[in-house]
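Throughout, protein chains are lettered first and strands after them, A, B, ... in sequence-line order, and every chain is numbered starting at 1. Side-chain atoms are counted along with the backbone in the values below, which use heavy atoms only and exclude waters and symmetry mates.
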There are 2 protein chains.
Amino acid sequence: MANIKDVAERAGVSTATVSRVLNGRSPVAETRARVLAAVEELGYRPNVVARALRTARTRTLGLVVSDLRNPFFTELADAVEQEARRLGYSLIIGNAGESPEQQDDYIRTLLDRRIDGLMVSSAGTGSPMLSEAVDAGTPLVLLDRAVPGVAAPCVRAEGGAALTELAAHLAALGRRRPAVIVAPAGTPTGDERLARFRTALAAHGVALPPGRVGASPDPSPAGGRQVMRRLLEAAEPPDAVLATDNLMALGALDELRARGLRVPADMALVAFDDVPWFAHLDPPLTAVAQPTGALGRAAVHTLLERIAGRPAGSVLLPARLVRRRSCGE
Amino acid sequence: MANIKDVAERAGVSTATVSRVLNGRSPVAETRARVLAAVEELGYRPNVVARALRTARTRTLGLVVSDLRNPFFTELADAVEQEARRLGYSLIIGNAGESPEQQDDYIRTLLDRRIDGLMVSSAGTGSPMLSEAVDAGTPLVLLDRAVPGVAAPCVRAEGGAALTELAAHLAALGRRRPAVIVAPAGTPTGDERLARFRTALAAHGVALPPGRVGASPDPSPAGGRQVMRRLLEAAEPPDAVLATDNLMALGALDELRARGLRVPADMALVAFDDVPWFAHLDPPLTAVAQPTGALGRAAVHTLLERIAGRPAGSVLLPARLVRRRSCGE
DNA sequence: CCGATCCGTGCAATCGATTTCCTGTGGGCG
DNA sequence: CGCCCACAGGAAATCGATTGCACGGATCGG
């Protein structure tokens with residue numbers, strides 16, 4: 001493969017000139033034309049690796065998500081990738097599989113590759129590697145999940161308005177005994193959603209007692225199903241369920257079907273995160289939709305600000321309620 | 001960040017020695033210990049960019065898929081990523097979004113980044129960039145979709161056995177008027193699946209006339225739904241439908257529900273590609289499951305063989321039928 | 001006891017770009 | 001007409017690693 005020296009020889013100039021022409025720092029028409037012609041003839045493409053070594057910038061970003069197979073993260077990763085590419089950056093996606101060690105391992109690899117910046121949808125509570133990355137000076141943006149104690153801007157959705165609307169929706173439909181299925185305790189995201197929902201319900205005089213809040217051991221259909229079972233076997237079973245993750249909602253639905261319960265007649269069901277196939281379920285699922293695309297784009301923009309050395313604050317984007325038929329009406 | 005020179009100084013040796021210790025070419029205990037201690041104290045990590053420049057190997061692979069949001073490709077990408085990482089390689093995933101230009105654009109970027117090898121689930125029929133990559137000497141492996149005229153091994157699933165089994169399954173359940181929804185014509189994958197299925201049906205004395213084969217403009221729920229509608233409005237509507245892609249199956253299901261038709265009572269439904277949430281639909285969908293994980297791993301192995309300069313042939317892995325309730329029984 | 005061999009290590013070249021410093025030329029102005 | 005300045009472009013340093021070659025000390029055999 002041709003290198004810059006070949007081009008320089010062919011154009012009868014020095015490598016310095018070739019570099020300048022290619023980086024737009026040489027407005028002399030004639031030399032410029034000769035160089036470009038040589039580039040064309042040789043099919044020359046600059047060696048990105050060499051350039052990265054010299055400039056100490058790789059034009060590559062890293063994204064670590066906790067579960068790439070979860071459609072919410074797939075969509076998020078896709079949005080991030082598109083925006084990054086649009087702005088001239090490549091993206092390396094890492095899948096931590098909900099394991100903190102694997103997450104750290106991945107962050108390590110990305111730092112070794114000298115990525116220009118890092119986005120993380122952290123698994124569990126903060127990991128040592130995150131702080132280390134910040135200390136090492138790597139621009140970092142937290143995505144979807146805040147991590148206490150890590151000094152980095154966070155881009156995520158805020159469900160307050162949507163949950164307020166949901167509470168009203170449920171109350172209007174006469175649901176009096178709502179329940180919530182949350183992801184493993186300790187994740188700020190789940191806790192916050194729960195608190196918001198409880199407040200919103202209270203405004204309609206509806207209580208959300210601890211007995212109707214179930215924590216799933218892991219955010220999977222199996223976990224969701226298990227919690228649903230416990231909720232149904234309680235003394236006062238719920239007449240509406242909110243799952244704070246799309247996969248857990250799916251598991252809850254399985255349990256309901258297995259028991260011959262109908263949605264929405266016997267039970268209203270709502271999921272946090274709207275994923276494409278919710279609309280194709282029977283009945284179509286009402287969901288709190290996060291603005292996935294906007295989140296991804298905002299994360300990239302925030303990260304680029306940090307890379308440019310400018311300060312950048314956290315971003316909160318409103319989620320919205322998508323009413324389908326799983327609550328009645 | 002500390003570099004190899006800092007380590008060398010601290011350990012009182014030359015950079016050459018540091019390099020050799022770190023690459024396991026210097027078994028002298030004492031020097032070795034001093035170097036490793038210095039590495040430890042300084043928190044030194046080799047600069048992957050510099051190493052890549054010198055060795056002309058990036059230890060990075062590229063994967064271009066046609067639609068990352070399609071759960072089949074998500075799973076495939078995840079499998080490829082895990083296997084690549086296990087073997088010490090990073091992966092850059094590119095999403096071509098079913099557009100040949102974007103695909104070429106991406107391949108271009110990946111080649112510029114000097115990836116060691118490339119895997120492609122090509123959109124549409126072959127693109128010029130693919131041949132160019134091969135000519136440039138970049139190891140290439142085609143994944144899931146073969147591309148005529150491109151000299152590269154192809155790793156994909158072979159549905160013959162599963163479709164034979166499916167034909168028998170449908171025949172046993174008394175379905176006599178099967179139909180097929182295929183992806184846009186011209187893709188070898190769809191055509192091959194169609195041909196295999198037709199052959200298998202013939203063995204049971206069941207015909208698959210052209211009128212009961214519908215090509216969708218694009219592999220999406222909307223496309224699948226549109227074809228389903230046409231099939232239902234035909235003179236002799238089918239009593240069973242096979243969709244050659246999971247998203248199109250979803251669209252077909254929508255159309256059936258909208259018309260109040262029941263699955264499987266009024267219509268059997270089968271999808272090619274088994275995706276996790278098929279099991280959570282009502283009824284759970286029978287599907288031809290591709291061995292996604294094995295495909296991804298085989299692709300990585302084949303690619304590494306090529307990178308090592310060894311010849312590697314194509315790989316065909318058998319798909320299998322996953323019987324659920326959407327065909328009756 | 002001396003020469004030959006072996007092996008650990010250092011020196012310096014190298015990968016392919018960018019960038020700094022410097023030279024030489026041409027043009028404008030006094 | 002001469003001087004100075006601007007500017008184009010070349011030579012060489014640089015980024016951080018790997019690696020071929022050479023050197024020197026130690027070991028072993030004759």
Atom CG of B:Asn23 and atom P of C:dT9: how far apart are they, to the nearest Å? 15 Å
Go through the N and O atoms of the side chain of B:Arg54 and the base of C:dG16, and report whether any donor-acceptor pair is under 3.5 Å. no
How close or far is atom C1' of C:dG16 from atom CG of A:Leu42, stated in whole angstroms? 15 Å
Does A:Thr17 have a side-chain nitrogen or oxygen under 4.0 Å from the phosphate oxygens OP1 or OP2 of D:dG10? yes
When rounded to the nearest 0.5 Å, the distance separating CZ of A:Arg156 from CG of A:Leu295 is 10.5 Å
Rounded distance (Å) that lies between atom P of C:dT18 and atom CG of A:Leu53: 12 Å
Heavy-atom donor-acceptor pair, A:Arg20 side-chain to D:dG10 base, under 3.5 Å: yes
Touch class at under 4.0 angstrom, heavy-atom based, for B:Ser19 against every strand present: base
Please give me the minimum heavy-atom distance between A:Arg114 and A:Thr58, naming the atom from each residue. O-OG1, 2.8 Å
Could you please name the option among C:dG16, C:dT18, D:dG10 that lies closest to any side-chain atom of A:Ser14? D:dG10
Has B:Asn3 got a side-chain N or O lying under 4.0 Å from the OP1 or OP2 atom of D:dC15? no
Determine the minimum heavy-atom distance between A:Ile4 and A:Ser19, stating which atoms define it. CD1-N, 3.9 Å
Take B:Glu83 and B:Arg297 through the test salt bridge (Lys or Arg N to Asp or Glu O under 4.0 Å) and record every step on the way to the result. CA-CA 6 Å; B:Glu83 188 68 0; B:Arg297 287 189 295 274; 5.0 Å; no
Identify whether any heavy atom of B:Val13 sits under 4.0 Å from a base atom; if not, whether one sits that close to sugar-phosphate; answer base, sugar-phosphate or nothing. sugar-phosphate
Return no unless some side-chain N or O of B:Arg51 is found under 4.0 Å from OP1 or OP2 of D:dT18. yes
Output yes when at least one side-chain N/O atom of B:Thr15 is less than 4.0 Å from OP1 or OP2 of D:dG16, else no. no
Taking D:dA17, D:dG10, C:dA17 as options, the one with an atom nearest any side-chain atom of B:Pro46 is D:dA17
